[in-house]
Visitor: 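Okay, handing you the structure first.
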Amino acid sequence: MALARLGARGLVGYDLSEGAFFQRVLPFDLDGVEELQPRLKDARKLVADGGVQIAKSGKEEAEAWVRGTDCEHRVVVASDGTTCTCPWFAKHPGDRGPCKHILAVQIFTGDADDA
Amino acid sequence: MTPEELERAVHSGNKEHCLRLILTASEDQRRRAAKCAVKLLRDLNGASFEEVSRPNLLGLRPAWIDRYNSAEIAVLGTATLSQLKKITRGAHLGIPWAFEILTVRQPDWVAEWAEWTLSNGIWPGIGSDYNNWNAVRKLIKTGRIQTPINDAYITCMIAAPPWRESVKKWLLADPNLLQYEVWRLFEVEGSRDSSLAGRDKYSNPKQTWSAALQEFSAEGHIDRGRLVTASLDALCRDFSAFHAGWHSKFHEDLKPTLDERAENVSKYLGLVNSRIPATVSFALKALTVLEKAALLAPETIVNAVSPAITAREKGKASLALRLLIRAAGQHPELRHRAALTAADGLLHNSPDVQKLALDIIEKFGDTGSPELADKLRLNVDGVAPSLRARLAALVEPAASALRPNIPTVEPAVDTLEERAAGLVSRWGMLAGVRTALDSLKEGRSPRNGLRLDPLSIPRLDPEERVHPIRDLDELVAVFASVIENYGPPDEIERVLDGVSRLCADRPPDFDRRTSALRKRARQLLGIDKRDLPQVGGAVYSLCQLALAWIDREPIQPWMHQPSLFSFFHQRVVEIGRRARLERAAQLLAAPTHSGGWIDPRIAVARFQAHRETNLPPLDLEERSESSPSLWARLIGKPREVADSVRALAAGGTGDRFDMIQALLRLAPDGRVESLTGAGTVKGEIGAALVYALGGDKPVTGNDAALWIAAARSRNPHGDDRAIESRFSNMGPDAGIAARVTLKWVPRKDSDYDEQILICAPPVPPRPRVDVPTVLHHAQTKEHFHAEFVVGPLLALLAQVWPLGRSAWFGAGAYSIGWNMDWVEARWGDVEYLRLLLDPDTDLDDLALDMLAFGLAAREAGESASATDGLITAIGDGRVTARELRQALCHALRVKDLVLARWSKTLGDAARISPLHAVTVRDALEEVIAATGSRKTSEIVALLELLHELCVETGTAISSRDTRARLATITGTSKSAKLAKALLALKPDGSISYTRQAAKIAAEARIERAERWQRITAPE
């Protein structure tokens, strides 16, 4: 079980010819990690370019508009989850992590873990 | 060269002139013309199908393809790399002229272009050039760029030799490729479009890559030893099964000598762990060769074969176990370890593998060893029933006389009687509870499966309510979701209803709130790029609806033969027309409950509140940004299509399709109570509504489509003489209920039979788009097939007439039946099988046919869905041994049905519970009697399953016909041994297994009645 978990995280690999597990030393250079996270990169760019506008900020619910190409995306942060009107969120509602617009709002409001 | 000159050259379609202009211009002139060239290409990309296919008649207008090629030359000859990257298919522009143009232009981005164009893969363009590999290769050879190091260079090279030409001859024309590129073939997997496996599969065997490399090796042009090793290295690289197959075959085609194999023994051993079954078999065979030649240390075998023993494939596991037998037989010191390793084989699905493993354990194992005893004890319940006694004897000699897995607890009949007594008699009777309890007293399951009258079954489960969309923001969110995910159907219906009700709700920031949806709809329809739509089916209609609502763009009727999809599309057109005019209204046909059902009481309230929308007729001249006018699109269409569209454009109140759809969705619940209210609805629609609900109103009025919908809702599977006499000869499931039969007729060109679906009365040559019940049967006509390939669309259209499942089962049986061997990738067909999962859907003969074909389907998704369907239907009482036997025996007529696949799916179903095991066993016993026309080798897997199930249930073969059939199977084959074993079986005298099955059957029927009682209880 432990090996399966570590394998899923990419920390352990399996050598076919040796028939054994081995440790995968991952690049822990944070700059390198961000390169592999295009959504995070795009989110930072959106914030830097002034693409986030907070429309409503209440205790129960907050609403923000995030600039897209030829459109604007509405991000709603509510107690039962955060939503966005972009196609990526419509396709993978939360099952692959937040979209770049939600990340941008989180970074903007200081809610992101790594902001 | 001026931009105007280039434009004229493109319009003339004269490629040579265009190329001459590019080659003789200065780079400054070229750059100035780039914008114009890109626009010309985009315009040509956005041409309609009619424009693209129009020939160059009398030289009046050059053919589109000549103008398009000229535009490709113009763009490649003027644009920068960043401009090229923004153009659709920009990486494949002007392939035949690329080298010449880029050599003259000498841009500093040529090396980057080379990597980029190759990484875009191959494009099936016109002529023989599929990618720019030849141009890139010429640039390398002329020293303009370095050899690209990316994999795409090699992938594209595989596709570069012209078809019908020998690869060897092609390589000889550029022998430097043998130094580097050829060896990279073993390091690069290839792509879906270009790979060694794909290329060689469709080439003349003498002209393949494999043949070329073998010949070069034989002639000494390339190192044979390196080829042997490289092909094994390729197999270690985790390529897909299809791609890896080329390398294993190539390796064996090289006919490695024993010395060559011995040198690579570590690689073979490593490949035993491969995730690809064929590679494992390949490695095991190579190891067997080495072992026979005494070139492999026996302890190495024992260590290496363990993963193969637990592999899913029977052949692979058997091969590994046989290697173990040989090793242990020759080296006594390895026996205990061999037995321990073999014990893993007891977990295998195949009884043959389990038997082989048990043979090894019995022969070589030391059962006194605690390690081995523990392993064996764990597996006693998991092995095939026929082996349990043997294994139990090893683990616990005293227990060998017992038959494990017999349920020892007697079912508590009294408790079931108590539950049955608490049922409302109507539900208990419809669920067949009394029959099941009486059968239980006799110690058996019910003999007949439940038949369900669709008008008697309650459908309005409060937990399955569909909640209408509340506001604009929810509508935008759900709309965005359904166009990305193609459904689910309930959500699509919520969107249609939401647009219909909320279309007049346009707050000041409406544009801002809908901008993302608007952009996505335009993108999917290909409007912004002047390209073809990226989506089809319901999403195509929904994207147009989004633009009709947001931008007030017109939606045009479906311009093809009338089909069930065109009925859906026409509903969307109606809603779109109202949305454009902001005439908000409750949708009559919006389902109130999942599955497309409408509560009749709510339907009556909607009809009472309904006001005719009275929209003006469609404007045939109106055009939108995305398409030309309706008149223009009608040119060249078949007459029936044009007639249908004109009729739709001319008439209607704007919500006629909505009314028809609403009538077809009326649930069976609460119809009688709704009649009084329905009587107050005025006009022809009111009369039709009363008729649909079962009232006595006479058939009046002239709207055939409306009355046919009412009749099919009133009595889905019966003839309606009143309707037929008033609106005659409209097709199947109009006035006369459809009689659909599946038949097999001998093919002229082969030994096999052809399946045909016969519908009576037949589908008329021009079925009406507003009569969807008839269109359900249009699938029997060739040209209607395409739309049913798409699964999500099929699931959506199955909600048009939820009471009418017979047509779907007929279409499903036909579609899955002729494609059991997966000769065509029809991924959507699995949706037909999913209809079986609804426990309240009646299974008629066609459903049973479909089930039998699905159980024999080659495609894993189909066979798994059919297995799930069977498990559900046995569990809920719709299928007993009688129905299963009928289905299987009927399907046996299809000569190309592979019986071995049934053994897998039926075996999976039989494992679920004693009821499933008994049902499958009893059906199979009868089926074996009907296999007289089959070779015995075809039924061996079924015999094996029957034998296991007989042992499991403690029963013998009692059918005279089956015993007679088994007696005909003689000789020493496996089937003969199984037949003999089956004939020798004696009932074990215990009835607890069948009683347990009977109890499960009775419990399921009580649960069904209790469920119906719960959902019909007043809230």
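Here is the naming used below: chain letters follow the sequence lines, and residue numbers restart at 1 for every chain.
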Visitor: Give, as side chain, backbone, both or neither, the part of B:R512 having an atom under 4.5 angstrom from any heavy atom of chain A.
Guide: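 Interface part for B:R512: both.
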Visitor: What part of B:A480 is in contact with chain A, defined as an atom under 4.5 angstrom from a non-hydrogen atom: side chain, backbone, both or neither?
Guide: both
Visitor: Hey, is A:D49 close enough to A:K45 for a salt bridge, meaning N to O under 4.0 Å?
Guide: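 Yes, charged N to carboxylate O under 4.0 Å.
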Visitor: Establish, from distance only, whether the side-chain atoms of B:H243 and B:S240 form a donor-acceptor pair under 3.5 Å.
Guide: yes
Visitor: For B:R513, is it the side chain, the backbone, both, or neither that has a heavy atom closer than 4.5 Å to a heavy atom of chain A?
Guide: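 Contact with chain A: backbone and side chain both.
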Visitor: Picking from B:T514, B:L517, B:I469, what satisfies side chain to side chain contact (heavy atoms under 4.5 Å, CB included) with B:L475?
Guide: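 Filter result, single survivor: B:I469.
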Visitor: Sequence neighbours left out, cut at 3.5 Å: what donor-acceptor pairs do the side chains of residues 83-98 of chain A make with other protein atoms?
Guide:
| from | atom 1 | to | atom 2 | distance (Å) |
| --- | --- | --- | --- | --- |
| A:T85 | OG1 | A:R74 | N | 3.0 |
| A:K91 | NZ | B:E484 | O | 3.2 |

